Amino acid sequence: MQTDPKPSTLYIVGTPIGNLEDITFRAVRILQTVDLIAAEDTRHTGKLLQHFQVKTPQMSYHEHNQNSRIPELLEHLTNGKAIALVSDAGMPGISDPGYELVKACIDAGITVVPIPGASAAITALSAAGLPTDRFIFEGFLPAKSQQRRQQLEYLQAEPRTLIFYESPHRLRDSLQDLATVLGIDRTIVIARELTKLYEEFWRGTIADAIAHYTQKEPQGEYTLLVAGTPPSQPQLTEAELKAELLQIMKQGVSRSQASRQLAKDTAVSRRQLYQLALAIDITSELETTIE
């Protein structure tokens, strides 16, 4: 059901992260009918508004003027105006200063309504091929290597998929720090220029990524998705491993198949398990069971 924007309401409007066709019908309607649009960059947003023939006036709202703008926007909202908050791309408040305005509105009792749209983190995650059921979004890592490594150390044992944003001029340094802290064998997916003409997904280990971007100059906007640390597996004794193998072989499974099956559930190699399986006298064990 389509209704005009309600007075004294802040609308959090998602905008395209690249492809203009990704904006929703609802987002365009809200932008057309609110009293004012608070934009991170009015020139950038102006191109979007022109494309969709939106003539609503804009006001700049970004990290450098938020302290002065928030009281002004709150006054407009208190006086019955409906305002849309937009960022340069994606959902406002994600890696931009939208949070402060939202918090101020909530504290003032002003209604905040989200108008969902694209998000680079979720867009990249959906096509990365890494676990999507549990993940952590960390935004941009610190610019300096020491602070960046400290932040990564907090995440070293994190089992959930990790998502970061990164700029092209810091990509190589960040990959080196990821390798140092998380290890060169950790799986990483690097999404570039999402929804745009040169969209690209690169997949491999962190070591492979370093080699790839040593040869290739980073260009565009990057979303990094790193596999979480593998769950720790209990260390079974030799006797316990033999007992597990025996239970599998009692089901009529060969030594080779039992070794392969158990290797999937433990940190022990199939070759080592097969050697243990050879030492089991399955006939004797079956006779003991029957007795």
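These figures come from a predicted structure and were not determined experimentally. Numbers here are sequence positions counted from 1.
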Do [X] and [Y] have side chains that approach each other closer than 4.5 Å (heavy atoms only, starting at C-beta)?
X      : Y      : value
Glu158 : Glu138 : no
Val13  : Leu85  : no
Leu49  : Gln58  : yes
Pro142 : Lys144 : no
Ile83  : Val34  : no

Output yes when a side-chain donor or acceptor of [X] lies under 3.5 Å from a complementary backbone atom of [Y], and no otherwise.
X      : Y      : value
Thr223 : Ala191 : no
Thr161 : Pro131 : yes
Thr56  : Val54  : no
Arg148 : Leu141 : no
Asp177 : Ser174 : no
Tyr61  : Val86  : no
Tyr213 : Leu175 : no
Asp41  : Asp88  : no
Gln66  : Glu100 : no
Arg255 : Ile280 : yes

So, taking the atom named [atom1] in [X] and the one named [atom2] in [Y], what distance separates them when rounded to the nearest 0.5 Å?
X      : Y      : atom1 : atom2 : answer
Lys250 : Leu246 : NZ    : CG    : 4.5 Å
Gln176 : Leu171 : CD    : CG    : 10.5 Å
Ile190 : Leu224 : CD1   : CG    : 5.5 Å
Thr15  : Glu40  : OG1   : CD    : 9.0 Å

Is there a donor in the side chain of Asn65 and an acceptor in the side chain of Ser60, or the other way round, less than 3.5 Å apart?
yes

Could you tell me if Asp208 and Thr205 have a donor-acceptor pair between their side chains, going purely by distance under 3.5 Å?
yes

Any chance you could lay out the side chain to side chain contact (heavy atoms under 4.5 Å, CB included) test for Lys196 and Asn19, step after step, and finish with the verdict?
CA-CA 6 Å; Lys196 299 178 183 177; Asn19 193 318; over 6 Å; no

Taking atom [atom1] of [X] as the centre, does the number of heavy atoms from other residues, nucleotides or ligands within less than 6.0 Å exceed 12?
X      : atom1 : result
Lys103 : NZ    : no
Phe135 : CZ    : no
Phe52  : CZ    : yes

Which pair of heavy atoms, one from Leu194 and one from Ala120, lies closest together, and at what distance?
CD1-O, 3.5 Å

Do you know the tightest heavy-atom contact between Ala277 and Leu245?
N-CD1, 3.9 Å

Audit row: Lys6, Thr111, side chain to side chain contact (heavy atoms under 4.5 Å, CB included) steps and yes/no:
CA-CA 9 Å; Lys6 297 178 181 178; Thr111 302; over 6 Å; no

Between Tyr222 and Phe164, does the ring centroid distance fall short of 6.0 Å?
no

Check the pair Leu31 / Val28 against side chain to side chain contact (heavy atoms under 4.5 Å, CB included), numbers first and verdict last.
CA-CA 5 Å; Leu31 292 175; Val28 172; 5.7 Å; no

Before accepting this row, confirm whether a basic side-chain N of the pair [X]/[Y] lies closer than 4.0 Å to the acidic partner's carboxylate O.
X      : Y      : answer
Arg172 : Glu217 : yes
Lys216 : Glu200 : yes
Glu75  : Lys81  : no
Glu72  : Arg69  : yes

Test Arg203 against Thr187 for side chain to side chain contact (heavy atoms under 4.5 Å, CB included), laying out the working first.
CA-CA 8 Å; Arg203 300 172 174 88; Thr187 299; over 6 Å; no

